[in-house]
Chemist: 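Submitted below is the structure of interest, expressed as structure tokens.
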Protein chains: 2
Amino acid sequence: MQNRTLELLKSYHLKATPQRIEILNVIESLGHANIDEIYEVAKKKHSTMSLATVYKNITALLEKNILNEVALNNFKSKYEIVKDRHAHLVCKECGYVQDIELNQEIKHISKDISSDYNFNFENLELNIYGVCSKCSK
Amino acid sequence: MQNRTLELLKSYHLKATPQRIEILNVIESLGHANIDEIYEVAKKKHSTMSLATVYKNITALLEKNILNEVALNNFKSKYEIVKDRHAHLVCKECGYVQDIELNQEIKHISKDISSDYNFNFENLELNIYGVCSKCSK
DNA sequence: TCCTAATTAATAATTTTTATTTGTAATAAT
DNA sequence: ATTATTACAAATAAAAATTATTAATTAGGA
Ligand SMILES: [Mn+2]
Ligand SMILES: [Mn+2]
Ligand SMILES: [Zn+2]
Ligand SMILES: [Zn+2]
């Protein structure tokens, strides 16, 4: 558990409960995880944890921008700790999501958008679908 | 209803039923639509249409690659007729999705991926989130 | 240490999606 | 054209996913 995250929680008046900390730990250790994956792993440490608790926490942490949703074609959304801009490799077979560097080219797309279209740019999401090395053999 | 679409249906042994044609018409006219939007509009022409019929058709048309899913953060997935590669402007307020040209830069990302990472590239999805002109005033 | 608001587990309720069944209709075969 | 075949639709039920409610617990501040 990062100290930074604890401070984030405090600054948003979110209590650092064991359940919440565990949820964040699970997400951090898995990188990207959906509701069920988080619940399954977190339950090991907190056997009484309710699935509704996972839902409520995910919602709260998304609202505070501590977590980020990664909506996927054909899979349930995954969640990740908010971090610097990056892109995703998404395996169509197993749903595994891998972070990759966001190419330099993409970084200036945002500038174009606001001028080319009458659109108030906020953030950009690049997901690259294919088959991961594990699944392709 | 495009003749091309009718041929597509036939080639995949999907019957060109009035309901299915109407679903495709609705998606085409709206550009991007989620299950409920499709159902609401389609019901006007076919008052007895069941929501389950929309689900079944969307699934079938996705499998045949006639439709494409657009998974969105914070909104239900939308569906569109498969078309040439393009990017999306997504309004965080109202969920409206607008097609935009996929910048030239992005077109060659695919080449890098397969070599840089051990990943069998299939397709790429670029969603740009922000606030549309309608919602920002 | 005490207080209070936030949080949790448990449970119920709601919403979303999928499955089943049975009659119907689109297409192919005759 | 008529019939046969099979996919399909509507209706309904079932299952899965998400959210709401409640009462007890607890984290964090006074
Ligand atoms: Mn990521
Ligand atoms: Mn589109
Ligand atoms: Zn894989
Ligand atoms: Zn909007």
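Just so you know, these numbers come straight off a predicted model, no measurement behind them. To find a chain, count down the sequence lines: A is the first, B the second, and so on, and within it residues start at 1.
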Chemist: Going by salt bridge (Lys or Arg N to Asp or Glu O under 4.0 Å), name the pairs with one or both residues in residues 113-137 of chain A, residues two or more places apart or in two chains.
Modeler: E122(A)-K92(B)
Chemist: Heavy atoms, side chains only, cut-off 4.5 Å: are I35(B) and Y79(B) in contact?
Modeler: yes
Chemist: Output all residues satisfying side chain to side chain contact (heavy atoms under 4.5 Å, CB included) with E93(A), sequence neighbours left out; order by chain, then residue number.
Modeler: C91(A), V131(A), C135(A)
Chemist: For residues 43-53 of chain A, dump all side-chain donor-acceptor pairs below 3.5 Å to protein atoms at least two apart in sequence or in another chain.
Modeler:
{"residue": "S50(A)", "atom": "OG", "partner": "A52(A)", "partner atom": "N", "Å": "3.0"}

Chemist: Mind calculating the distance between CD (E7(B)) and P (dT27(C)) to the nearest angstrom?
Modeler: 13 Å
Chemist: Sort me out a list of protein N/O and nucleotides 19-26 of chain C N/O pairs below 3.5 Å, or just none if empty.
Modeler:
{"residue": "dA26(C)", "atom": "N3", "partner": "K15(B)", "partner atom": "NZ", "Å": "3.1"}

Chemist: Counting only non-hydrogen atoms, which of residues 39-46 of chain A are less than 4.0 Å from DNA chain D?
Modeler: none
Chemist: Below 3.5 Å is the cut-off: list the nitrogen or oxygen pairs between protein and nucleotides 14-17 of chain C, distance only.
Modeler:
{"residue": "dT17(C)", "atom": "OP2", "partner": "Y55(B)", "partner atom": "OH", "Å": "2.0"}
{"residue": "dT17(C)", "atom": "OP2", "partner": "K76(B)", "partner atom": "NZ", "Å": "3.1"}
{"residue": "dT17(C)", "atom": "O5'", "partner": "Y55(B)", "partner atom": "OH", "Å": "3.0"}

Chemist: For the helix from dT1(C)-dA30(D) to dT30(C)-dA1(D), measure the angle between the helix axis at one end and the axis at the other, each built from five pairs, rounding to 10°.
Modeler: 40°
Chemist: Can you name the side-chain hydrogen bond (donor to acceptor under 3.5 Å, both in side chains) partners of E101(B), sequence neighbours left out?
Modeler: none
Chemist: Same cluster or not: are F121(B) and Y129(A) linked, directly or through other Ile, Leu, Val, Met, Phe, Trp or Tyr residues, by side-chain heavy atoms under 4.5 angstrom apart?
Modeler: no
Chemist: Can you pull the contact range of chain B along DNA chain D, 5' to 3', using atoms under 4.0 angstrom from its heavy atoms?
Modeler: dT6(D) to dA11(D)
Chemist: Quick check on DNA chain C: between T59(B) and K10(B), whose nearest nucleotide comes earlier from the 5' end?
Modeler: T59(B)
Chemist: Is any side-chain heavy atom of N127(B) less than 4.5 Å from a side-chain heavy atom of N127(A)?
Modeler: no
Chemist: Check side-chain hydrogen bond (donor to acceptor under 3.5 Å, both in side chains) between K76(A) and all other residues, then give those that pass, not counting sequence neighbours.
Modeler: D36(A)
Chemist: Answer yes or no: is there a side-chain heavy-atom contact under 4.5 Å between I81(A) and T5(A)?
Modeler: no
Chemist: Can you pull the side-chain hydrogen bond (donor to acceptor under 3.5 Å, both in side chains) pairs that have at least one residue in residues 56-71 of chain A, sequence neighbours excluded?
Modeler: R20(A)-N57(A), E69(A)-S77(A)
Chemist: Which residues pass the side-chain hydrogen bond (donor to acceptor under 3.5 Å, both in side chains) test with D99(B), not counting sequence neighbours?
Modeler: H32(B), K83(B), H86(B), H88(B)
Chemist: Quick one: do I38(B) and L67(B) end up in the same hydrophobic cluster if we chain Ile, Leu, Val, Met, Phe, Trp and Tyr together by side-chain heavy atoms under 4.5 Å apart?
Modeler: yes
